[in-house]
J.: 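One structure coming up, written as structure tokens, with questions to follow.
Start at 1 and go down the list; that is how both ligands and their atoms are numbered. All figures in this text were calculated on a predicted structure; none of them were measured in a lab.
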Amino acid sequence: MREISTAESHDLAVVGTGVIGALTAYYACRREPGLRILLVSHGSRGHGATALSAGFDTPTGRDAAQRELALRSTTLFAKLAGELPGLPRRDLPVHWIVARSGATALDATLADGSRTTPVDADRHQALSRVFPGLRVGGDQVLLSTAPMAVGGPRALADLLLDQVLDRPGNTLAEGFRVTGIRRDGRRLELVGADGSVLTAFRTVVAPGPWALEGPVADAAQARGARVKKVVAFHVLTPPPPGAPALVFEDEDAFLLPDEAGGRWILSITSPDWDRGPDGPLAIGPHDRALALALLDRHVPGFVPHLTGGRVFSDCFTPGHLPIVDTTDVPGVVMAIGGSGSGYRLAPALAEQALTLLYGRTTAP
Ligand SMILES: Cc1cc2nc3c(=O)[nH]c(=O)nc-3n(C[C@H](O)[C@H](O)[C@H](O)COP(=O)(O)OP(=O)(O)OC[C@H]3O[C@@H](n4cnc5c(N)ncnc54)[C@H](O)[C@@H]3O)c2cc1C
């Protein structure tokens with residue numbers, strides 16, 4: 001016979017302690033400080049895409065909906081910085097290499113309506129010292145935007161979870177894999193893989209790349225969600241203080257300075273679809289070939305320093321537009337499809353999830 005937890009039901013369960021789950025729980029506490037929150041992770045609380053995320057935040061969007069999420073997240077990140085001293089996040093200059101014919105389209109992606117500006121010869125020369133051998137193709141241009149941001153997604157999630165768990169009545173259940181959620185009268189039962197049950201009155205499921213196998217698997221599949229490998233290489237040479245990021249817009253890739261780590265992070269777009277987070281995930285020779293070709297084209301001086309990196313999986317939704325929606329079970333909302341941008345869009349996604357559950361009461 002299955003075991004039923006005798007513990008009192010929590011008001012809100014948040015399945016997932018990545019950046020989206022952590023923000024959801026934090027905002028829920030802010031809206032209603034007395035709310036009793038149950039955090040659930042099938043691994044340790046730091047396990048997931050967030051732990052390996054590069055944390056680059058370009059407030060851009062492929063379409064109006066994504067731009068709205070980006071803009072709202074920028075506002076919410078600024079609020080968070082005011083509330084939480086030591087928020088792991090800083091501004092950095094950003095430059096872009098893009099096809100001359102794509103410059104207008106790039107402008108259109110900027111969520112705040114700002115525009116790119118051409119990089120002049122002096123700045124180009126200065127950038128060549130930071131990005132050794134910097135090459136811009138004959139049909140390409142080198143552009144600047146206003147500063148953007150880089151954060152520490154894992155440190156952010158930790159900071160937020162600490163805040164939530166410091167409050168009496170809030171609990172973290174680690175190592176509890178939710179296989180299904182069903183309604184029993186007013187309560188929701190979160191059924192664990194071992195048959196045990198946790199209960200809450202409402203639930204947000206933010207499962208990251210596990211979206212296709214947990215309690216919202218059917219809903220995620222029905223909405224066209226898939227999983228894909230995400231790869232970020234390390235370039236083992238220290239960036240100078242204040243170094244900018246360089247985005248290769250046409251290749252969907254970027255170089256990000258990791259000053260604390262004494263290296264650069266080179267994020268590329270892996271073509272490896274349907275790679276879940278529990279499968280064997282490794283940086284393969286074809287990933288390296290892609291990264292080397294990119295560096296060879298644009299920053300050949302970095303080629304000898306390309307060594308190792310980080311690899312995980314993320315959930316991608318059609319149009320790379322995350323989905324925050326209700327599910328078939330009343331009182332259960334899912335927030336899925338970080339689509340390689342789940343850190344930078346997380347505040348708006350968390351806010352939307354709570355608005356769906358509780359209505360637009362007080363802003364986070
Ligand atoms: C290498 C890499 C680089 C990236 N770089 C960037 C970047 O520069 N900028 C950016 O914006 N985004 C980036 N991303 C994407 C971003 O990190 C993710 O979209 C985001 O972290 C997803 O957060 P999440 O909270 O949804 O999921 P996760 O962080 O994966 O957390 C999922 C949580 O759900 C829990 N869970 C899942 N299923 C269950 C279940 N059935 N029962 C109980 N618990 C469950 C897990 O235990 C975990 O706690 C990157 C991703 C990777 C992998």
J.: Quick check on Pro209 - does any of its heavy atoms sit under 4.0 Å from an atom of ligand 1?
T.: yes

J.: With heavy atoms under 4.0 Å as the rule, classify the contact between Val15 and ligand 1 as side chain, backbone, both or neither.
T.: side chain

J.: Pick one of side chain, backbone, both or neither for how Phe254 approaches ligand 1, counting any non-hydrogen atom pair under 4.0 Å.
T.: side chain

J.: Does Thr50 reach the main-chain N or O of Gly46 with its side chain, forming a donor-acceptor pair under 3.5 Å?
T.: no

J.: Between Phe201 and His10, is the ring centre distance below 6.0 Å?
T.: no

J.: Please check if the side chain of Lys228 supplies one atom and the backbone of Pro271 the other of a donor-acceptor pair under 3.5 Å.
T.: no

J.: Determine whether the side chain, the backbone, both or neither of His47 has a heavy atom under 4.0 Å from any heavy atom of ligand 1.
T.: backbone

J.: Looking only at heavy atoms, which two atoms of Leu159 and Pro88 are closest? And how far apart?
T.: CD2-CD, 4.1 Å

J.: Nearest heavy atom to atom 47 (O) of ligand 1 wins, so pick from Ala346, Ser41, Ser44, Gly214.
T.: Ser41

J.: Does any N/O atom on Arg310 come nearer than 3.5 Å to any N/O atom on ligand 1?
T.: no

J.: What atoms in ligand 1 come closer than 4.0 Å to a heavy atom of Ala206?
T.: 32 (C), 33 (C), 34 (O)

J.: Of the options Val247, Val141, Asp250, which is the one that meets Trp96 in a side chain to side chain contact (heavy atoms under 4.5 Å, CB included)?
T.: Val247

J.: Please check if the side chain of Thr327 supplies one atom and the backbone of Val332 the other of a donor-acceptor pair under 3.5 Å.
T.: yes

J.: Just by distance, no angles: are the side chains of Ser9 and Thr199 close enough, under 3.5 Å, to form a donor-acceptor pair?
T.: yes

J.: Is the closest N or O pair between Asp314 and ligand 1 shorter than 3.5 Å?
T.: yes

J.: Do Trp210 and His42 have ring centroids that are under 6.0 Å from one another?
T.: yes

J.: Residue-level breakdown please: for Pro277 versus ligand 1, do any non-hydrogen atoms fall below 4.0 Å on the side chain, on the backbone, on both, or on neither?
T.: neither

J.: Quick test of your reading of the structure: of Gly337, Ala217, Ser341, Pro207, whose heavy atom lies closest to atom 37 (C) of ligand 1?
T.: Pro207

J.: Quick one: look at Phe56 and ligand 1, take heavy-atom pairs under 4.0 Å, and tell me if it's side chain, backbone, both or neither.
T.: both

